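In what follows, a structure is listed as structure tokens, so that the remarks can point back to it.
Chain naming here is simple, since letters A, B, ... match the order of the sequence lines and numbering starts at 1 in each. Keep in mind that what you see is a predicted model, and the values were worked out from it rather than measured.
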2 protein chains.
Amino acid sequence: MNDAQRITGVLSPVVTPFKKDLSPDPDKFVRQCKWLLSQNVGLAVFGTNSEANSLSVDEKIALLETLVSSGVDPARMMPGTGHCALTDSVRLTAHAVKLGCAGVLMLPPFYYKGVSDEGLYRAFSEVVERVGEPRLRVYLYHIPPVAQVPITLGLVERLLKKYPGTIAGMKDSGGDWSNTKAFLDAYAKQGFDVFPGAETFLLQGMRNGGAGCISATANTNPGPIARLFDTWQAADADAQQARLDEIRQTFAKYPMIPALKAAIAHYGGDATWATVRPPLVELTAEQVKGLIADLDAKKFTMPGLKG
Amino acid sequence: MNDAQRITGVLSPVVTPFKKDLSPDPDKFVRQCKWLLSQNVGLAVFGTNSEANSLSVDEKIALLETLVSSGVDPARMMPGTGHCALTDSVRLTAHAVKLGCAGVLMLPPFYYKGVSDEGLYRAFSEVVERVGEPRLRVYLYHIPPVAQVPITLGLVERLLKKYPGTIAGMKDSGGDWSNTKAFLDAYAKQGFDVFPGAETFLLQGMRNGGAGCISATANTNPGPIARLFDTWQAADADAQQARLDEIRQTFAKYPMIPALKAAIAHYGGDATWATVRPPLVELTAEQVKGLIADLDAKKFTMPGLKG
């Protein structure tokens, strides 16, 4: 892969559709991914918002193969491949590279807490070495509120030095702009692509050398977020950002993943889309009513969506 | 399984031996399990201290099959089978039941934080229903410092009501005696077996209706801990407890898992035992020296251990 072809822009941690029996629905998944691509949004499948950690490696491999065999372009994909178990991370990462995915978004092993940077360095190194593919592009996934295991500046520095090119960037879902900015300032000029973990920091990110964003609400509001990425130097950029924030805040009043699925179920006309796997719980009927009323009041739409 | 045959006593979350290439060493694992049984300690294989979350489901199934085919009695086993992904938990739990394991120790799905008791109830229920085996005995695993997702009194109450007999007990690794006591007071008389997560609370637990303990240091100090379980009503019980605490505190001065493995490596004369999987890191040479000097000073031994 040529570095000129690096994946950038707005990516969605694609929510995973389940059937009533809680098994993934591959056909619906393909349709959703194709709709997101039609909105100019890339596919960070198997992210936190995808309930990826509620899926087995086999389930993820089956879904990834279905996407590619259905004609979804792997150059627009950055699947999440980081697991607690080294062998799981290696297996899914190798598979993603084999299928031609642009990159992989890698959680640190997140069960053991308080682990050292040395331990995390070894964890990521082992995956890179065992996969052993020059095409591999790793995006480190910093999401301390959930994983509880952070990606530090010092860790990135060591990994970048040892695996330049392979360590391609990060997603920062810490929600702290000063942290995102510290990574941008330190490494963006070395070709380390920093994606804020929400469109909240899309404009600030682009003004500071960011690569786009990977955001939950890119599942439901993809077109407008992608438009800001394309036109961030336009006169109305701040107004666009304010409008994006307004929609995001509406979703953020509810548990995010069930709220995203409730919106897709409603605007796509397919109630089954609301299904989540335990330990998550779908919104109550009252919550759904509140969310949709709020979104309608804000003239929110999901153009072209078919459940 | 007859309730009279419920697994009780002292169990070890057996540390998992790795070869230099970080693959599990099944022969060494069998030897370690047989040694623990010889010390009257049961086998909570695939616990936190087993680095179980650094192993894939396939690796765990292979190890479990090796144990049973090597003549290790599954009635003395309580493997950890809880994963983030529902399908992983179902698969390993079903396999453990099929092999005849006395019970399974089940972590809640631990990636998503701040999940509701309703979500956890559904998560455990789905596993029980899908495994669908009357022989299944589930021990809920409360370890908030690591999993960050707690098992509450209310959750246990709902599960016990729906699945009496199947929900057989818990391990409480919260390190807070008042929490352990609350579970003992509420449910021990209903046949819900509470295992404190360290021998620190073994004597207090037994005096309040506890079922034994499942403890990291049962890997290295099994005989004396098992002896206190057998003789907790003897005159020297408090003195025994004090001696156990002294040994535990020596290990607890270091990162626990690498320290346990360092001790086994030293007293068993097999340096490879010290190997851990990332994100863990083995003790430094200086730490090993300090640990062994401290243990020797306390006349600590591991009788009969062969690496």
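- Comparing V57(B), V149(B), D88(B), I257(B) by heavy-atom pairs within less than 4.5 Å of chain A, the highest count is held by D88(B).
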Next item on the list: Check the pair L22(B), R130(A) against side-chain contact (heavy atoms from CB on, under 4.5 Å), reporting the backbone distance first and the verdict last.
Entry: CA-CA 12 Å; L22(B) 303 180; R130(A) 286 170 189 233; 3.6 Å; yes
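- Heavy-atom pairs under 4.5 Å with chain A were tallied for L107(B), L86(B), V146(B); the largest tally goes to V146(B).
- Here NE2 of H83(A) is found 11.0 Å from NE2 of H83(B). Values are rounded to the nearest 0.5 Å.
- Taking CG of D58(B) as the reference point, atom CZ of R91(A) lies at 6.5 Å (rounded to 0.5 Å).
- In terms of heavy atoms, S54(A) sits closest to T87(B) at O-OG1, 4.4 Å.
- Only the side chain of R277(B) comes within less than 4.5 Å of a heavy atom in chain A; its backbone stays farther off.
- Side-chain contact check for T48(A) and Y111(B): at least one donor-acceptor pair (N or O, by modelled atom type) lies under 3.5 Å.
- Taking all atoms of both residues into account, the shortest heavy-atom contact from S56(B) to A85(A) is N-CB, 3.8 Å.
- At a 4.5 Å heavy-atom cutoff, the contact between Q148(B) and chain A is made by side-chain atoms alone.
- Heavy atoms closer than 4.5 Å to chain A are found in the side chain of E126(B), but not in its backbone.
- For the options A123(A), P145(A), C84(A), heavy-atom pairs under 4.5 Å to chain B are most numerous at C84(A).
- Contact record, P278(B) with G119(A): CB-O, 3.8 Å, taken as the closest heavy-atom pair.
- Within a 6.0 Å radius of NZ in K98(B), no more than 12 heavy atoms belonging to other residues, nucleotides or ligands are found.
- Here the CG-CG distance, from L280(B) to L120(A), works out to 10.0 Å after rounding to the nearest 0.5 Å.
- L55(B) touches chain A through its backbone: at least one of N, CA, C or O sits under 4.5 Å from a heavy atom, while the side chain does not.
- Around the NZ atom of K162(B), the shell of radius 6.0 Å holds no more than 12 heavy atoms that belong to other residues, nucleotides or ligands.
- Closest approach of V281(B) and E118(A) over heavy atoms only: CG2-CG, 4.0 Å.
- Atom CD of E157(B) is surrounded by 12 or fewer heavy atoms from other residues, nucleotides or ligands within 6.0 Å.
- In this structure, chain A has no heavy atom under 4.5 Å from any part of D117(B).
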